[in-house]
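Here the structure is a predicted model, which means the values were calculated and not measured. Here, residue 1 is the first one in the sequence, and each next residue gets the next number. All values below were derived from every heavy atom in this structure, side-chain atoms included, with hydrogens, water molecules and symmetry-related copies excluded.
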Amino acid sequence: MNFDLNSLITGTLDKGSKNLITDVDGVLVGHSTISLGEIQTGVTVLLPHGGDIFHQKYLAASHVINGFGKSIGLIQVDELGTIETPIVLTNTLSIGTAVDAIIKYMLKNNLDIADKTGTVNPLVLECNDGKINNIREQKIEHKHIYEAINNAKSHFMQGAIGAGRGMRCHGIKGGIGSSSRRFKIFKKDYTIGSLVLSNHGRFEDLIINGQKVSDVFKDPNTFEAEKEKGSIIVILATDAPLTERQIKRVCKRAVAGLSRTGSFIGNGSGEIVLAFSTAHKINHYQKELDSIKFLPDNELDIIFKATAETVHESVLNSLFYAETVTGKDNYRCVCLNDLIKK
């Protein structure tokens, strides 16, 4: 099998200039990584914009494809249709630490929270990196969340970094992947980008460029093939003007991208999608009627297609940019590039 990042078949739409979720103006991403022997884990933070997200919220929605997960904050997102904090990705047993850190971060930077106004809705999403990382040690601390926030920028690394350090995708090394697509509606240019934390799928099902990888390469794992019980978190950002109802419709199309790599959404797998639009800021303190312009539903087919393409490529990028990692019990999780070189 001969392929590289320049020959991946991921669709027909144009990519953004960086081919990252940060092609959506204002979006920033940062990492904090721990790589110390059996501790292989980390934090990835996405800032929807570089300003005060609590007082200037974005319209948002989520969609649970399969709910085997422990994410925090999605109920309020779907009830109120907005996000108001940075979005944190980490491992399953560190969600409590991440929630506490984000709450403290928001209280420090917004003195009116829980005083002159209500409380705050932290957004933390997770995958279980316990095969590679000794997750029971719970090594994520507040400082790692703050480091990821402080590191946030428009150009960021992918693969076995940040929250993706200890993740596996289709039985080989996965982690953080991102991409973007451009499209036109009413002759106006728009962008949608995705970022994934990939920890799902089985090696025997992995498809790249229409080819089953297991037909060409032997499964590098020596243990018996596992059931599909991983997870993937998908974050979508777009500058297209959409309502929160339409954003949820976009979320639902992420599954079309996941299925292109061979994922069938197993019983024990958690697939969760969170999306937002940067087209309109919602002021926390509103003293008059607000109005927004949004695209008609009949014009959304192109953004649905773009969603499938960018999610598909983000999963592939999480594989191609990853490196081989050795962690708990000396388990060596081989990356795709090392598998190809054998």
Side-chain angles (χ1 to χ4, degrees), residues 28-48 53-54 60 62 64 67-77 83-111 113-114 118-153 156-157 159-168 174-176 195-200 229-235 270-274 325 327-328:
L28 303 172
V29 173
H31 303 297
S32 177
T33 307
I34 306 176
S35 180
L36 296 170
E38 66 175 8
I39 306 301
Q40 302 290 332
T41 192
V43 175
T44 296
V45 172
L46 184 146
L47 304 182
I53 187 64
F54 181 77
S62 72
V64 178
F68 206 117
K70 288 80 180 171
S71 298
I72 301 293
L74 300 181
I75 292 176
Q76 182 169 312
V77 169
I83 53 175
E84 60 186 24
T85 73
I87 301 167
V88 182
L89 307 178
T90 190
N91 72 61
T92 306
L93 297 188
S94 294
I95 55 171
T97 299
V99 166
D100 191 48
I102 283 294
I103 289 174
K104 285 180 167 56
Y105 172 83
M106 297 301 294
L107 291 175
K108 179 181 178 180
N109 290 284
N110 301 274
L111 299 180
I113 292 176
T119 57
V120 66
N121 183 48
L123 276 170
V124 180
L125 299 95
E126 54 75 35
C127 290
N128 185 352
D129 60 11
K131 181 66 178 179
I132 300 174
N133 172 52
N134 188 347
I135 194 172
R136 289 177 60 90
E137 291 295 313
Q138 296 181 278
K139 289 296 185 179
I140 297 296
E141 302 176 21
H142 287 193
K143 66 180 181 181
H144 298 112
I145 287 81
Y146 303 145
E147 180 180 49
I149 292 173
N150 292 333
N151 286 340
K153 50 188 178 294
F156 60 92
M157 295 179 65
I161 191 166
R165 182 64 188 175
M167 303 298 172
R168 298 191 304 157
I176 296 293
L195 181 144
V196 304
L197 178 62
S198 69
N199 194 51
H200 69 297
K229 55 182 181 180
S231 298
I232 185 169
I233 302 299
V234 179
I235 309 296
E271 285 82 9
I272 296 174
V273 188
L274 174 65
V325 172
K328 186 181 72 173

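With Thr92 contributing its side chain and Asn128 its backbone, the two residues share a donor-acceptor pair below 3.5 Å. Listed for the His31 side chain is a donor-acceptor partner under 3.5 Å among the backbone atoms of Met157. Side-chain atoms of Thr90 come within 3.5 Å of backbone atoms of Gly42 as a donor-acceptor pair (strictly under, hydrogens ignored). Counting only distance, with no hydrogens or angles, the side chain of Asn199 and the backbone of Arg168 share a donor-acceptor pair below 3.5 Å. Side-chain atoms of Ser35 never come within 3.5 Å of backbone atoms of Gln40 as a donor-acceptor pair (strictly under, hydrogens ignored). Side chain of Glu126 to main chain of Ser94: no donor-acceptor pair is present (N/O by atom type, distance under 3.5 Å, no hydrogens or angles).
At a threshold of 4.5 Å between non-hydrogen side-chain atoms, the residues Val77 and Ile83 count as touching. Using a 4.5 Å heavy-atom threshold, the side chains of Tyr105 and Val45 count as separate. Residues Glu84 and Val120 meet the side-chain proximity criterion, which asks for heavy atoms closer than 4.5 Å. Put simply, the side chain of Leu197 does not reach to within 4.5 Å of the side chain of Leu125, judged on heavy atoms. Put simply, the side chain of Ile149 reaches to within 4.5 Å of the side chain of Ile102, judged on heavy atoms. Counting only heavy atoms from C-beta outward, the side chains of Ile113 and Phe54 approach each other to under 4.5 Å.
Atom CG in Leu195 sits 5.0 Å away from atom CD1 in Ile176 (nearest 0.5 Å). The distance from the CG atom of Asp100 to the NE2 atom of His142 is 3.5 Å, given to the nearest 0.5 Å. Interatomic distance, Leu89 CG to Ile145 CD1, rounded to the nearest 0.5 Å: 11.0 Å. If you take CG on Asn133 and CD on Gln138, they are separated by 10.5 Å, rounding to the nearest 0.5 Å. Lys143 NZ to Asn150 CG: the interatomic distance, rounded to the nearest 0.5 Å, is 13.5 Å. The structure places CD1 of Ile39 at 12.5 Å from CZ of Arg165, a figure rounded to the nearest 0.5 Å.
Evaluation of the side chain to side chain donor-acceptor pair (under 3.5 Å) rule for Ser32 yields Glu147 as partners, not counting sequence neighbours.
Annotation for Phe68: atom CZ does not count as buried by contact number, only 12 or fewer foreign heavy atoms lying within 6.0 Å.
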So Asn121 and Thr85, side chain to side chain contact (heavy atoms under 4.5 Å, CB included) or not? Walk me through it.
CA-CA 7 Å; Asn121 183 48; Thr85 73; 5.6 Å; no
Mind running side chain to side chain contact (heavy atoms under 4.5 Å, CB included) on Ile140 and Thr41 for me, showing each step along the way?
CA-CA 8 Å; Ile140 297 296; Thr41 192; 3.9 Å; yes
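Residues Leu74 and Ile272 approach most closely at CD1-CG2, 3.5 Å, considering heavy atoms. Closest approach of Ser198 to Ile232, counting heavy atoms only: CA-CG1, 3.9 Å. Of all non-hydrogen atoms in Lys70 and Ile95, the two that sit nearest each other are O-CD1, 3.3 Å. Residues Met167 and Asn91 approach most closely at CE-CA, 4.5 Å, considering heavy atoms. Residues Ile34 and Lys139 share a closest heavy-atom pair of CD1-O, 3.7 Å. Nearest heavy atoms, Thr44 versus Ala163: OG1-N, 3.0 Å.
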